[in-house]
Amino acid sequence: QTNFGNNAAAASANLTVTANAPTVAKAFAPASIAVGGTSVLTITLTNNNATAATLSANLVDTLPAGVTLVNATFGGTCSGTKSGAAGGNTVTYASGATIPGGAPGSCTITAIVTSSTAGTVTNTIAAGALQTNNGSNAAAGSANLTVTANAPTVAKAFAPATILSGGTSVLTITLSNNNAAAATLSANLVDNLPAGVTLANAIFGGTCSGTKSGTAGGTSVTYASGGTIPAGAPGTCTITANVTSSTPGTVTNTIAAGA
């Protein structure tokens, strides 16, 4: 309103307010496990709106190759239906489920996973996979899981453990490998016999398939570099040798840590 009169026509403009799209993030705890170990996968869904966001399609997280669900028990604070099968490779948060509103609102989905395959893998929920009435996630959510191979173990035994001077005993070396793939020796494994103990002959037995060597009257047994230890839970193999001693007393035969 002015001294010249009032505006004859209205003036209008539209303002459109769009909802914030949801986001997704992922983490493994711990982020590094041994083969056959377990880690908790946590998927975090975030909604930066005043009202809850409702999923318009299933959110499916497909685990990386070699990673599987330990069981079908799911946790976290997201209230909708979570599903997956023990031994399976997907976690699903069902269509119709919600993400709380807030500044931001968020909820989590947790699952226990395992792997029998050594290496580092990346678990990703792609951009656009989290579909809601407020839109879809613009950025992917990813996390790495490192699976380390189990170190081999070695054990030894004499049978019999007591002999007369000049008698013989069978030395058995047992190698174990608790991994899904065979372990390959990267250096010779050498067992140096105690003072006074020698090989009765150069005949070696046992189930280890690699080259075993030593000389009659010698003081060492060797399993050659490139030999293998079978896979399994655990996989094992043995090396046997006949030994003797003419020196009375008790001796200890040791393969050192790291050998």
Side-chain angles (χ1 to χ4, degrees), residues 12-150 180:
S12 300
N14 294 331
L15 174 66
T16 299
V17 181
T18 59
N20 292 300
T23 62
V24 60
K26 307 187 71 177
F28 290 100
S32 181
I33 60 173
V35 164
T38 61
S39 180
V40 176
L41 166 64
T42 299
I43 304 169
T44 301
L45 309 181
T46 302
N47 168 35
N48 196 13
N49 295 287
T51 58
T54 301
L55 271 70
S56 55
N58 288 344
L59 171 65
V60 180
D61 179 18
T62 300
L63 302 175
V67 179
T68 58
L69 292 169
V70 172
N71 52 43
T73 302
F74 303 94
T77 59
C78 291
S79 59
T81 301
K82 313 161 191 110
S83 62
N89 66 346
T90 59
V91 177
T92 300
Y93 190 44
S95 178
T98 58
I99 310 169
S106 66
C107 70
T108 58
I109 302 161
T110 63
I112 301 173
V113 300
T114 188
S115 178
S116 58
T117 306
T120 297
V121 292
T122 301
N123 185 200
T124 300
I125 292 178
L130 175 56
Q131 301 175 37
T132 76
N133 62 313
N134 291 334
S136 303
N137 58 305
S142 298
N144 291 335
L145 177 65
T146 299
V147 183
T148 57
N150 291 301

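Numbers here simply count residues along the sequence, with the first being 1. As a basis for the values below, the full set of heavy atoms in this structure was taken, side chains included, without hydrogen atoms, waters or symmetry mates.
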Can you name the one residue among T110, L63, L69 that meets side-chain contact (heavy atoms from CB on, under 4.5 Å) with L41? L63

For a 4.5 angstrom cut-off between non-hydrogen side-chain atoms, does [X] reach [Y]?
X	Y	value
L145	V67	yes
L55	T132	yes
T42	I109	no
I112	N71	yes
I43	L45	yes
S115	T68	no
F74	V91	yes
V147	T117	no

Residue pairs meeting side-chain hydrogen bond (donor to acceptor under 3.5 Å, both in side chains), one or both in residues 16-27, sequence neighbours left out, come to K26-D61, K26-N123

Atom pair OG1 (T98) and OH (Y93), whose distance is rounded to the nearest 0.5 Å: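 Nearest 0.5 Å value for the OG1-OH distance: 5.0 Å.
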
CD1 (I99) and OG1 (T51) are apart, to the nearest 0.5 Å, by 11.5 Å

For S95 and N58, run side-chain hydrogen bond (donor to acceptor under 3.5 Å, both in side chains): C-alpha distance rounded to whole Å, both residues' side-chain angles, the deciding distance at 0.1 Å, then the answer. CA-CA 4 Å; S95 178; N58 288 344; 4.9 Å; no

Report the C-alpha distance between V24 and T44 in whole Å, list the side-chain angles of each, state the deciding distance to 0.1 Å, and finish with yes or no for side chain to side chain contact (heavy atoms under 4.5 Å, CB included). CA-CA 6 Å; V24 60; T44 301; over 6 Å; no

Write down the atom of A103, the atom of N48, and the distance for their closest heavy-atom approach.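 Taking every non-hydrogen atom into account, CA-OD1, 3.5 Å.
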
For S116, the side chain to side chain donor-acceptor pair (under 3.5 Å) test, sequence neighbours excluded, returns none

